[in-house]
Chemist: 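Dumping the structure here so I can ask a few things about it.
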Amino acid sequence: MKTRLRIRRQDGPGQASRWEVREIHHEEGHTVLSALMERNSEVPPVALEASCLEEACGSCAMLINGRARLACGTLLEGLADKDGLVTVEPLSKFPVVRDLVVDRGRVRADLLHMDATLGETRIGDPSRVQDLAACVACGACLEACPNYGASEARGVPFIGAVVLHESRLANLLGVDKVDRAVRLEALMGNGGIADCGNVQNCVNACPKDIPLAESIAELGRDTTVHAIKRWLFR
Amino acid sequence: MLVIGAGMAGLTAALSALERGASVVLLSRFPATRSPSSAFKGGFNAAEGSAEVEIHVADALAHGGPGTSEAMARSRAQAAGGLAEWLARQGLPFDRDGAGFLRQSLPGSSRPRTLSAGAAFGRQLIHALDGQVRRFERAGRLERADGWHLAELILDDEGRCRGAVAVHLHTLEARAFSADAVVLAAGGAGWLVKPTACALDCDGAAVGLAHRHGARLQDADRLAWHPSVPGPDKDLAVPPLLLVQGAKATEDTLDLRGLGKPAWKRWGGSFPRLAAAFSGKNPAGELLPLRSAVVGSLGGLRVDEDMATDLPGLLAAGEAASGGFGARALPGDEALAWLHQAQVAGRSAAGAKVREAEPAEALRAQEATVLRLRAVHAAHGSTSPGGLLAELSQELTLALGPGGSLEAVNALEGLAARVESDLWVKDRSLVANAGTLAALDLPASLAWARSVVATAAARRTAPPDVVLNAAWTGAGPRIAAEGVGA
């Protein structure tokens, strides 16, 4: 089978981007990643990040026909548009380093800043925690979110679903009440939960089916309760 | 201290050291969640009570054969219970059964002893450990260096390891990281032998680097193989727990039809969907194709009971270190070994009392790497690093198959010569240049590959109850047998 990939190339940070069209031959079961790696002995090769090749690590998250997908699990078959093209671009919410490689460091910085960390823990229902602890910070939810990466309304950018979810998980698993309160305070500040518009694009975008909207709703409840308690016990 | 690699072993070694008051720099090519450990499926064996521990040791010896290290098997079997409790405290959501941990029996285990955390054990492990490490990071006890590719070890005049030089993945900047102890937890080399179910990053280059500097490899030819569904870029290993729960595997087919959707999800995770996509078959009604593929390295750097390699100052843990498994690891012992070794390494390194590299030593090593980078870009031969790695992979695959070890020895010598004289990195960009990093790694990858092949050749005539150690001389590997009773 033949497909044409339309790839957005960029040589370095801040440089102009350009389109490149490649014709690729592929078999049944081949993915967008297979196609990208197939002709990468040509110069210059398309820079990309990939590791596990089985949708477990989140490295290869990129825009495929405008949607954030994991390239290693996205089959080529049926993907081409009416012009026979599959469009591949880097995630748009992160600074481009080169071609399809973006710098997702901001997510790690936000996780640290919001103290989405684990200390002493207690697991209630392991199955439920397993479903929640499946996030690998691929960035698909952040890509889909209209508020993430939008102009900073109050000077602090919205932290997005990953960090909200991991903060909620830290509170769910963590035993220390002071830690929980401090996290909630941080989430009630600028860039936190109030910046979520409840559009729920994140849930649909997540390749691991993590119940992100549920996490955000829980946080909404917890921060409200916290605010009331804080006011009552002033 | 410096930990190289942020997978399950690196994170565990870091935490182990941090618990003992050390401050740690955790260096990795990518953030922990992107480690190949995130894709690890299965569980980890933890027998309860001394009688069960003895049966565990007996099973491991029976499964691995006469070349299995009883000392290492016993050491980890004894530590397993405490390790399980430690992991639970870190927040790992082990599956439960009534009041206690759910224990299942993987093939080779005569008793139920395998703990699990759903379909994606590795991802759960990384999530919990990464969350714990982040706490120390926030408190200033640990510094993360994400996006750095190991390029060189810093050795002093006495050959002692005092740190490492790494190259940044995005900018190709070279930087020295001095440390009073270095733990190499950079993973295995399963990507290079086909068919493989390992991640792209499992290229063994870090192990090869230590090996070139004098650290012996033990049982370098031993790999872990597992039933897998063929895929476009690599194979998909069948989650071991699916097999325990009723999936049926023959030599070349996998039957998931007897399991309901809930079991698929709980024990299979994303496997049924991906296997369907890659094979074009519907697992609800059809058999899936199956074959044996590499899922990891069993051999690695030779370590003593404190996880010290032959290079003073350099410890190893995880797949990078030899696990003393013999011919095959008892299913469930792999993760146990990697985590246990990592705890020991972290403990040992935290207690190390050596000086870090002098600024002059570190600067010398850093400049040497910059020169190598320039040389790689100046070279104008005819072989690309990718092409050479592909040839290396082919030779290794042939060598570890039914025949052909001796031919591979010569072929790899030829490749080594071409690395010296015929390399050409067409892409001269200084931004996110994977080809340049692959070229930097080639001498290390080749040393490793040549030792693997020499070990495989020696294995044919070696008695069954030995381990085979490969020492790197300037000219090539030298293999020596060591009694496994030691």
Side-chain angles (χ1 to χ4, degrees), chain A residues 11-13 26-31 33-34 37 40-41 43-45 47 49-59 72-73 75 97-99 101 103-105 107-108 111-112 115-121 123 125-131 133-138 166 169-170 173 207-208, chain B residues 30-31 33-36 38-39 88-96 117-120 122-124 126-128 131-132 134-138 144 146-147 169-170 197 199-201 231-234 236 266 269-271 273-274 277-280 384 386-387 426-427 429-435:
Chain A
D11 291 337
H26 62 94
E27 289 155 37
E28 201 189 329
H30 278 209
T31 62
L33 193 65
S34 326
M37 299 207 302
N40 248 2
S41 53
V43 184
E49 285 183 280
S51 182
C52 75
L53 307 180
E54 56 176 284
E55 295 201 328
C57 72
S59 300
C72 66
L75 289 176
V97 175
R98 183 180 175 188
D99 297 332
V101 178
D103 184 351
R104 285 174 268 191
V107 180
R108 309 283 305 176
L111 283 171
L112 205 60
D115 195 16
T117 67
L118 293 178
E120 197 188 326
T121 60
I123 309 277
D125 174 2
S127 274
R128 186 151 168 265
V129 174
Q130 286 161 21
D131 287 341
C135 173
V136 288
C138 70
E166 291 292 342
L169 198 46
L173 299 181
K208 292 286 149 210
Chain B
F30 30 65
T33 44
R34 236 164 275 158
S35 158
S38 274
R89 281 200 302 278
Q90 307 312 303
L92 182 55
F94 281 121
D95 293 313
R96 298 192 92 87
R123 193 166 334 116
Q124 296 299 326
I126 295 298
H127 186 274
Q132 294 287 347
R134 201 156 46 240
R135 189 178 186 79
F136 283 102
E137 193 185 347
R138 203 175 131 93
R144 250 193 248 252
D146 279 346
L169 250 54
H170 293 170
L200 266 174
D201 289 291
D233 302 301
K234 71 151 208 193
L236 267 179
R266 186 170 181 207
S270 50
F271 174 80
R273 176 177 51 83
L274 282 173
F278 292 166
S279 67
S384 75
K426 286 190 232 176
D427 177 14
S429 168
L430 295 178
V431 181
N433 189 327

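Chain A is the first sequence line, chain B the second, and so forth, proteins listed ahead of strands; every chain is numbered from 1.
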Chemist: Among B:Ala277, B:Gly269, B:Ala88, which has the most heavy-atom pairs under 4.5 Å with chain A?
Modeler: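 The candidate making the most pairs under 4.5 Å is B:Ala277.
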Chemist: Identify the two heavy atoms, one from B:His127 and one from A:Leu169, that lie closest to each other, and give their separation to 0.1 Å.
Modeler: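 Of all heavy-atom pairs spanning B:His127 and A:Leu169, the closest is CE1-CD2, 3.3 Å.
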Chemist: Between chain A and each of B:Gly387, B:Ser279, B:Ala39, count heavy-atom pairs under 4.5 Å; write down the option with the most.
Modeler: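 When all of B:Gly387, B:Ser279, B:Ala39 are compared, B:Ala39 has the most.
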Chemist: At a 4.5 Å cut-off on heavy atoms, which part of B:Phe94 comes close to chain A: side chain, backbone, both, or neither?
Modeler: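 Backbone of B:Phe94 only, per the 4.5 Å heavy-atom cut-off to chain A.
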Chemist: Evaluate the criterion side-chain contact (heavy atoms from CB on, under 4.5 Å) for residue pair A:Thr31 and B:Phe278; output intermediate values, then yes/no.
Modeler: CA-CA 9 Å; A:Thr31 62; B:Phe278 292 166; 3.7 Å; yes
Chemist: With B:Arg89, which residues qualify under salt bridge (charged side-chain N to carboxylate O under 4.0 Å, His left out), at least two apart?
Modeler: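 Testing B:Arg89 for salt bridge (charged side-chain N to carboxylate O under 4.0 Å, His left out), a comparison that skips the adjacent residues, returns none.
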Chemist: Side-chain contact, heavy-atom cut-off 4.5 Å: A:Cys72 with B:Asp233?
Modeler: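 No; the side chains remain at least 4.5 Å from each other.
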Chemist: If you take all heavy atoms of A:Ser127 and B:Arg266, which pair is closest and at what distance?
Modeler: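 Where A:Ser127 meets B:Arg266 most closely, the heavy atoms are OG-NE, 4.2 Å.
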Chemist: What residues form a salt bridge (charged side-chain N to carboxylate O under 4.0 Å, His left out) with B:Arg134, not counting sequence neighbours?
Modeler: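 In terms of salt bridge (charged side-chain N to carboxylate O under 4.0 Å, His left out), with neighbours along the sequence ignored, B:Arg134 is linked to B:Asp130.
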Chemist: Identify which part of A:Val101 has an atom lying under 4.5 Å from any heavy atom of chain B, answering side chain, backbone, both or neither.
Modeler: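 It is the side chain, since no backbone atom gets that close.
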Chemist: Tell me, for B:Ala120 versus chain A, whether the close heavy atoms (under 4.5 Å) come from the side chain, the backbone, both or neither.
Modeler: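 Contact with chain A: none, neither part.
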Chemist: Side chain, backbone, both or neither: which part of A:Asp11 has an atom under 4.5 Å from a heavy atom of chain B?
Modeler: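 Only the backbone of A:Asp11 comes within 4.5 Å of chain B.
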Chemist: Under 3.5 Å, side chain of B:Gln132 to main-chain N/O of A:Gly119, donor-acceptor pair present?
Modeler: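 A pair under 3.5 Å: yes.
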Chemist: Just so I understand: if I count every heavy-atom pair under 4.5 Å between each of B:Leu430, B:Leu92, B:Ile126, B:Asp95 and chain A, which residue has the most?
Modeler: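 Of B:Leu430, B:Leu92, B:Ile126, B:Asp95, B:Asp95 has the most heavy-atom pairs under 4.5 Å with chain A.
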Chemist: Checking the side chain of B:Lys234 only, and the main-chain atoms of A:Cys52 only, is there a donor and an acceptor separated by less than 3.5 Å?
Modeler: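 Confirmed, B:Lys234 side chain pairs with A:Cys52 backbone.
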Chemist: Going by heavy atoms in the side chains, are A:Lys208 and B:Ser270 under 4.5 Å from each other?
Modeler: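 Yes; the side chains approach each other to less than 4.5 Å.
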Chemist: Given that the side chain runs from C-beta out, which part of B:Asp146 has a heavy atom under 4.5 Å from chain A: side chain, backbone, both or neither?
Modeler: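 When you check distances to chain A, only side chain atoms of B:Asp146 fall under 4.5 Å.
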Chemist: What is the minimum heavy-atom distance between A:Glu54 and B:Ala197, and which atoms define it?
Modeler: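 Closest heavy-atom pair between A:Glu54 and B:Ala197: OE2-O, 4.1 Å.
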Chemist: Main chain of B:Pro93, side chain of A:Gln130: is a donor-acceptor contact present, judged purely on distance under 3.5 Å?
Modeler: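 Yes, the answer is positive, given that a donor and an acceptor are paired below the 3.5 Å cut-off.
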